[in-house]
Amino acid sequence: MLPIHEYQEHFLHYLESQKTVQEPKNLYEPIQYILQLGGKRMRPVLTLMTTEIFDADYKKALPAALAIEVFHNFSLIHDDIMDDAPLRRGKKTVHEKWNINTGILSGDAMLILAYQYFENYQPKTFRKLAKLFSKTALEVCKGQQYDVDFETRNDVTIPEYLKMIEYKTAVLVAAAMKMGAIIARTSKENSKLIYNFGINLGLAFQLQDDYLDAFGDPITFGKQVGGDIIENKKTYLYLKALEFSNPEEKELLTQLFSVELDDNDNKIKVIKEIFNSTGASQATQQSIQDFTLKAFKTLKKLNISKDKKAILKAFGENLMSRKV
């Protein structure tokens, strides 16, 4: 097993090796732009790491890891268009740097490219990877639609929200890990368990993302802090604040999340104060920990060494305490 930073380095080297100059430039340059913006590379690293967890060479998983990363970034381009987001990882979003039509088309091309990377595998492995990928891609689209729908609904429940982020975020984390298991040809039971580990880790990751969107440092977070508040997104923080708030706070929250204001700075400030005063911020942090610990319970059932379980646990703990 390698340290996390070495998996990142090997993946970035592979990513660079796949870079080619193609025409038309306005289709391919945005793809290279979004892929070079950085980010945590969490999903491809999980694919490489999981492959070695199950006793196979991580190099075999590089094409699948790149497919996961390309798909993830495709979804970010389209999400940013739908959210009208100005920044991604501290830089201009693709549709801001080029235009909306370019963002849509380059994103479409990335989805197709992602599938092409699975062509590096033998037919049996290809079928398993492609089947999992198709299921996951459709679930991500479902999650995004739920996310959009929730913006205009005032009756979103906590279970509905958790299902939305499971589809939008957690299933891709889980699929990244299961792909490593498929490539390593481990048992069905191990594949199922590592997928469940990824689901709970992904839920914790997204709740942490929600929390950082409101309370993170814009320099380290790399996105506009308060973006979810501006977009009136019914996040876990918001739903918990509604649950815990008194009538006056609830009325103010509902009012602020039903309008678009010119003074977004004040809106963000007031809502963050309510998140803190109601205990919603603390409840969100507790849920992040709960889902992380649920993931760790899954590790106990995996048929791998204690050392490898410790590596997966350390990865989860790092995600839980991240600032970006």
S.K.: I need the full list of ring-ring contact (aromatic ring centres under 6.0 Å, His included) pairs touching residues 239-276, with sequence neighbours left out, sorted by first then second residue.
M.R.: Y238-F257
S.K.: Holding to side chain to side chain donor-acceptor pair (under 3.5 Å), I want the full list of residues that pass it with D108, two or more places apart in sequence or in another chain.
M.R.: none
S.K.: Restricting to side chain to side chain donor-acceptor pair (under 3.5 Å), what partner residues turn up for T125, sequence neighbours left out?
M.R.: none
S.K.: Taking only residues two or more places apart in sequence or in another chain, which ones pass side-chain contact (heavy atoms from CB on, under 4.5 Å) with Y28?
M.R.: Q22, P24, I31
S.K.: To the nearest 0.5 Å, what is the distance between CG (L203) and OG1 (T169)?
M.R.: 8.5 Å
S.K.: Not counting sequence neighbours, which residues clear side-chain contact (heavy atoms from CB on, under 4.5 Å) with K124? List them please.
M.R.: R127, K128
S.K.: Output all residues satisfying side-chain contact (heavy atoms from CB on, under 4.5 Å) with D155, sequence neighbours left out; order by chain, then residue number.
M.R.: R153
S.K.: Could you give me the CA-CA distance, side-chain angles and deciding distance for E251 and T254, then say whether side chain to side chain contact (heavy atoms under 4.5 Å, CB included) is met?
M.R.: CA-CA 5 Å; E251 183 180 354; T254 305; 5.9 Å; no
S.K.: Taking only residues at least two apart or on different chains, which pairs with a member in residues 43-64 satisfy side chain to side chain donor-acceptor pair (under 3.5 Å)?
M.R.: Y7-E52, H10-Y58, R43-H72, D55-K308
S.K.: Is the ring pair F74/H78 parallel, tilted or perpendicular, if the boundaries are 30 and 60 degrees?
M.R.: perpendicular
S.K.: Applying side chain to side chain donor-acceptor pair (under 3.5 Å), which residue pairs with at least one partner in residues 277-286 are found, sequence neighbours left out?
M.R.: Y211-Q285, E249-S277, N276-S281, Q286-D290
S.K.: Hey, can you pull the donor-acceptor pairs under 3.5 Å for the side chains in residues 175-189, sequence neighbours left out?
M.R.:
residue: T186; atom: OG1; partner: N190; partner atom: ND2; Å: 3.0
residue: S187; atom: OG; partner: N190; partner atom: N; Å: 3.0

S.K.: With a cut-off of 6.0 Å (strictly less than), are more than 12 heavy atoms of other residues, nucleotides or ligands near OH of Y146?
M.R.: no
S.K.: Does a donor on one side chain sit under 3.5 Å from an acceptor on the other, for S287 and Y236?
M.R.: yes
S.K.: Is there a path of hydrophobic side-chain contacts, each under 4.5 Å between heavy atoms of I/L/V/M/F/W/Y residues, joining L27 to Y117?
M.R.: yes
S.K.: The criterion is side-chain contact (heavy atoms from CB on, under 4.5 Å); which residues satisfy it with H5, sequence neighbours excluded?
M.R.: P3, Q8, E9
S.K.: With K313, which residues qualify under salt bridge (Lys or Arg N to Asp or Glu O under 4.0 Å), at least two apart?
M.R.: none
S.K.: Please tabulate, one pair per line, all N/O donor-acceptor pairs under 3.5 Å involving side-chain atoms of residues 135-143, not counting sequence neighbours.
M.R.:
residue: K135; atom: NZ; partner: E139; partner atom: OE1; Å: 3.4
residue: K135; atom: NZ; partner: E139; partner atom: OE2; Å: 3.2
residue: K135; atom: NZ; partner: Y195; partner atom: OH; Å: 3.4
residue: T136; atom: OG1; partner: L132; partner atom: O; Å: 2.7

S.K.: Does CG in N303 sit with more than 12 non-hydrogen atoms of other residues, nucleotides or ligands closer than 6.0 Å?
M.R.: no
S.K.: Could you tell me if K294 sits above the aromatic ring of F296, with its cationic atom closer than 6.0 Å to the ring centre and no more than 45 degrees from the axis?
M.R.: no
S.K.: For the atom pair CD1 (I274) and CG (L242), what is the distance rounded to the nearest 0.5 Å?
M.R.: 9.5 Å
S.K.: Just do the ring-ring contact (aromatic ring centres under 6.0 Å, His included) check on Y161 and F150 with the steps written out, would you?
M.R.: CA-CA 9 Å; Y161 181 75; F150 290 174; 7.0 Å; no
